[in-house]
Amino acid sequence: MTGALEARLTAAATVAAASDEDPDARPARRVVLVGPMGAGKTTVGRALAALTGLPFVDSDELFAQVHGPIPEFFAEHGEAAFRAEEARVIGHVLGRPAPCVLSCGGGAVLHPGTRRALAGPDSDVVYLAVGEAEALRRVGGGAGRPVLAGDPAGTWRRILAEREGLYRQVADLVLDTTGLTAAEAAWRIVGDAHRPRRSESHP
Ligand SMILES: Nc1ncnc2c1ncn2[C@@H]1O[C@H](COP(=O)(O)OP(=O)(O)OP(=O)(O)O)[C@@H](O)[C@H]1O
Ligand SMILES: O=C(O)C1=C[C@@H](O)[C@@H](O)[C@H](O)C1
Ligand SMILES: [Mg+2]
């Protein structure tokens, strides 16, 4: 956890909660989650958005709203076309000044334009890491994830090896979610020190 990131997120949560009637008072920050399939980008992103009051955007969901289901798009147009359109969707979100939590598709970092956009000063990028066994438990047989078709375990391992350097390159913070619930991961990002505890005098 970087102190600076924690402070910015805490400020974002505080300001968002306090200034619903004055959106201009919100800091123009985005928290962007990257990482492999099953890291929990979508699930932790939702929890983080609820925690901070920031709007939630998932690039896979936005992609599907525009182009229809991802497996069908892969089957019809192939992975290269998917990557190009995915980069446009993410570029659209990152090109707007509105603060949000943005959960990216697992392969978004493969696109150089997306990596450049993530390096901008308004985005705090979190690499959600996860151990292989837990990721494979979470993604099951890989349903809905066309790149895992055929050999989910072997493919997951290979593409993590190909992408891990890119995840680390774009990240301001690395959080290993292995053994954490999604809510715990979201609290780790905001800063555990701010997590409300059950009072011992009022159980
Ligand atoms: N920290 C967690 N603990 C337990 N289960 C989790 C956790 N995070 C996610 N899950 C579960 O794992 C599955 C995959 O999570 P999720 O869809 O959020 O991953 P993702 O990183 O967004 O994957 P993709 O790159 O394919 O979009 C979901 O069923 C989700 O409920
Ligand atoms: O890691 C990947 O290459 C992918 C992950 C998913 O989030 C989707 O973006 C798509 O299924 C491809
Ligand atoms: Mg997702």
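Here the structure is a predicted model, which is why all the values come from computation and not from measurement. Whatever order the structure lists ligands and atoms in, that order sets their numbers, starting from 1.
- At distances below 3.5 Å, not a single donor-acceptor pair connects side-chain atoms of T177 with backbone N or O atoms of V130.
- Distances between N or O atoms of T43 and those of ligand 1 include at least one value under 3.5 Å.
- Considering only non-hydrogen protein atoms, atom 19 (O) of ligand 1 sits nearest to G40 N, 3.4 Å.
- Note on the Mg ion (ligand 3): protein N, O or S atoms under 2.8 Å away count 1, no waters included.
- The main-chain N or O of V31 is never found under 3.5 Å from a side-chain atom of D124 such that the two would form a donor-acceptor pair.
- Checked by atom type and distance alone, the side chain of K41 never pairs as donor or acceptor with a backbone atom of L128 at under 3.5 Å.
- Put simply, part of A39 is less than 4.0 Å from ligand 1, judged by heavy atoms.
- No salt bridge links E184 with R188; every basic N to acidic carboxylate O contact stays at or beyond 4.0 Å.
- The main-chain N or O of E132 is never found under 3.5 Å from a side-chain atom of W156 such that the two would form a donor-acceptor pair.
- Each of the following atoms of ligand 1 lies closer than 4.0 Å to a heavy atom of T181: 1 (N).
- Under the salt bridge (charged side-chain N to carboxylate O under 4.0 Å, His left out) criterion, R163 pairs with no residue at all, not counting sequence neighbours.
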Does the side-chain contact (heavy atoms from CB on, under 4.5 Å) test come out yes or no for F73 and E85, once each step is laid out? CA-CA 10 Å; F73 189 95; E85 289 304 310; 4.0 Å; yes
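- For T43, the side-chain hydrogen bond (donor to acceptor under 3.5 Å, both in side chains) criterion is met by no residue, not counting sequence neighbours.
- Side-chain N or O atoms of S59 include one that pairs as donor or acceptor with a backbone N or O of G105 at under 3.5 Å.
- V66 and V57 sit in two unconnected hydrophobic clusters of ILVMFWY residues. Membership requires side-chain heavy atoms under 4.5 Å apart, directly or through other members.
- To the nearest 0.5 Å, atom CG of residue L102 and atom OG of residue S123 are 8.0 Å apart.
- Under 4.0 angstrom from ligand 2, the non-hydrogen atoms of E86 all belong to its side chain.
- Remark: E61 engages R46 in a salt bridge, criterion side-chain N to carboxylate O under 4.0 Å.
- When only interatomic distances are considered, the shortest N/O to N/O separation between V44 and ligand 1 does not fall below 3.5 Å.
- In summary, the atoms of ligand 1 found under 4.0 Å from a heavy atom of G106, numbered by their order in the structure, are 25 (O).
- Between R145 and ligand 1, at least one N/O pair is under 3.5 Å apart.
- Using modelled atom types, one side-chain atom of R115 and one backbone atom of V109 make a donor-acceptor pair closer than 3.5 Å.
- Between G38 and ligand 1, at least one N/O pair is under 3.5 Å apart.
- Considering backbone and side-chain atoms together, L180 places an N or O closer than 3.5 Å to an N or O of ligand 1.
- Scored by the side-chain hydrogen bond (donor to acceptor under 3.5 Å, both in side chains) test, E76 finds no partners at all (sequence neighbours excluded).
- Here is the list of ligand 1 atoms found below 4.0 Å of a heavy atom in A182: 1 (N), 2 (C).
- Using a 4.0 Å cut-off between heavy atoms, R163 contacts ligand 2 through its side chain alone, with no backbone atom that close.
- For V139, no heavy-atom contact with ligand 1 is shorter than 4.0 Å.
- Among protein heavy atoms, the minimum distance from atom 27 (O) of ligand 1 is reached at D60 OD2, 3.4 Å.
- Contacts between P36 and ligand 1, counted as non-hydrogen atom pairs separated by less than 4.0 Å, involve the backbone only.
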For E86 and V89, what are the C-alpha separation, side-chain angles and deciding distance, and is it a side-chain contact (heavy atoms from CB on, under 4.5 Å)? CA-CA 5 Å; E86 176 184 48; V89 165; 5.7 Å; no
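- For atom 11 (O) of ligand 2, the nearest protein heavy atom (residue, atom name, distance) is P146 CD, 3.6 Å.
- Those atoms of ligand 2 with a heavy atom of G105 less than 4.0 angstrom away are 7 (O), 9 (O).
- Here E184 has no heavy atoms under 4.0 Å from ligand 1, in either its backbone or its side chain.
- Atom CZ of R96 is surrounded by 12 or fewer heavy atoms from other residues, nucleotides or ligands within 6.0 Å.
- Looking only at heavy atoms of the protein, atom 21 (O) of ligand 1 is closest to K41 NZ, 2.7 Å.
- For atom 10 (N) of ligand 1, the nearest non-hydrogen atom of the protein is R138 CD, 3.7 Å.
- When the heavy atoms of V147, D60, I70 are ranked by distance to atom 6 (C) of ligand 2, first place goes to D60.
- Of the protein's non-hydrogen atoms, the one nearest atom 5 (C) of ligand 2 is G106 N, 3.3 Å.
- Contacts between R83 and ligand 2, counted as non-hydrogen atom pairs separated by less than 4.0 Å, involve the side chain only.
- With hydrogens and angles disregarded, a donor-acceptor distance shorter than 3.5 Å links the side chain of E134 to the backbone of G179.
- For Y127 (side chain) and E164 (main-chain N/O), no donor-acceptor pair under 3.5 Å exists by modelled atom type.
- If you check each of F63, W156, F82 against atom 10 (C) of ligand 2, the one with the closest non-hydrogen atom is F82.
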